[in-house]
Amino acid sequence: MQSVGRTASILVVDDDRRLCRFLARFLSGEGYTITFAHDGQAMRRAFADAVFDLVILDLGFPHGEDGMTLARRLRAQYDTPLIVLSGKSTTIDKVVCLELGADDYVTKPFEPRELLARIRTVLRRVAGQVEPVETNPAACSGSVLAFRGWRLDLDRREVFSPDDEAVVLTSREFEVLAALARRPGRILSRDQILDIVANRHWTPYDRSIDVLVGKIRRKLGDAASATRLIKTIRGVGYMFSPSAD
């Protein structure tokens, strides 16, 4: 939700790059900050890195995950207001989307001013629910993250304990730890972690993330559930908690 004194940030999830460029010009001109994601992987990555006041999601994706699937996943983890775009205008389609948790439904093609009016209406509806300002207890100096006496050197891919002892992590363990540590206080689903760390040399899967988190915890001595650096969020994923509270 939009914080007081802050420009509303909108994530547009649509594979139509021409439409995205148009919305960027139009909505930016109306004072909104616009981010784009052209598929489900990019959407999850965007949510891993930022907080949004509103999502505009197209249902028609010719490849990969469809819009309905993305809407379900979005609503299962976030309460961010959602406006659905669709080329279908039947009542049943609108009802299904609203039952999924969408706040509004706009049929393509649409008039830009109609979409703008609906955006303003949805944002006004949730204006009383203010998102708390995020704080980052993990101090960052250049490429080094510091938390609870630990140091994580992102460039050298090294980890040092509060006693200044090097802790040896495998390349994959380091990538998972870095993905979480860069986003303190944010809950990341396994899918989001997979999207962040996957590369052409390594295609991880859900269970491999759980195994790697277990290994990281053992190497960091991160065993006590009440004070863990990496907290398990049951049914969702993991959260990096640099504060000992």
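Side-chain atoms are counted along with the backbone in the values below, which use heavy atoms only and exclude waters and symmetry mates. For clarity, every value in this text was computed on a predicted model and none was experimentally measured. For the single chain, residues carry numbers from 1 onward in sequence order.
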Donor-acceptor pair between Tyr32 and Thr7 side chains, under 3.5 angstrom: no
Between Ser171 and Arg157, a side-chain donor and acceptor under 3.5 Å: yes
Got a salt bridge between [X] and [Y], using NZ or NE/NH1/NH2 to carboxylate O under 4.0 Å?
X: Glu65; Y: Arg44; value: yes
X: Arg218; Y: Glu173; value: no
X: Arg151; Y: Glu158; value: no
X: Asp210; Y: Arg190; value: yes

Contact summary for Leu123 and Asp53, nearest pair of heavy atoms: CD2-O, 3.8 Å
Answer whether the closest heavy-atom distance between the side chains of [X] and [Y] falls below 4.5 Å.
X: Gln41; Y: Leu194; value: no
X: Lys215; Y: Val211; value: yes
X: Leu54; Y: Ile119; value: yes
X: Leu115; Y: Phe26; value: no
X: Phe147; Y: Pro184; value: no
X: Leu82; Y: Arg75; value: yes
X: Val55; Y: Ile10; value: no
X: Asp14; Y: His38; value: no

For Ala76, all residues meeting side-chain contact (heavy atoms from CB on, under 4.5 Å), sequence neighbours excluded: none
Any residue meeting side-chain contact (heavy atoms from CB on, under 4.5 Å) with Arg217, in chain and number order, not counting sequence neighbours: Val213, Asp222, Arg228, Ile230, Thr232, Tyr238
Audit row: Ile83, Leu57, side-chain contact (heavy atoms from CB on, under 4.5 Å) steps and yes/no: CA-CA 6 Å; Ile83 294 178; Leu57 171 65; over 6 Å; no
Validation row, ring centre Tyr78 to ring centre Phe52 under 6.0 Å: no
Side chain [X], main chain [Y], donor-acceptor under 3.5 Å:
X: Gln192; Y: Ala46; result: no
X: Asp16; Y: Arg18; result: yes
X: Arg172; Y: Val197; result: no

Steps toward side-chain contact (heavy atoms from CB on, under 4.5 Å) verdict (Thr80, Phe47): CA-CA 10 Å; Thr80 309; Phe47 266 96; 3.7 Å; yes
Worked check of salt bridge (Lys or Arg N to Asp or Glu O under 4.0 Å) between Asp195 and Arg45: CA-CA 7 Å; Asp195 291 337; Arg45 183 68 180 264; over 6 Å; no
Lys219 NZ: over 12 foreign heavy atoms closer than 6.0 Å: yes
side-chain contact (heavy atoms from CB on, under 4.5 Å) between Asp58 and Asp15, intermediate numbers included: CA-CA 8 Å; Asp58 182 34; Asp15 67 326; 4.0 Å; yes
Candidate pair Ser143 and Asp153, rule side-chain contact (heavy atoms from CB on, under 4.5 Å), full reasoning: CA-CA 6 Å; Ser143 64; Asp153 191 320; 3.8 Å; yes
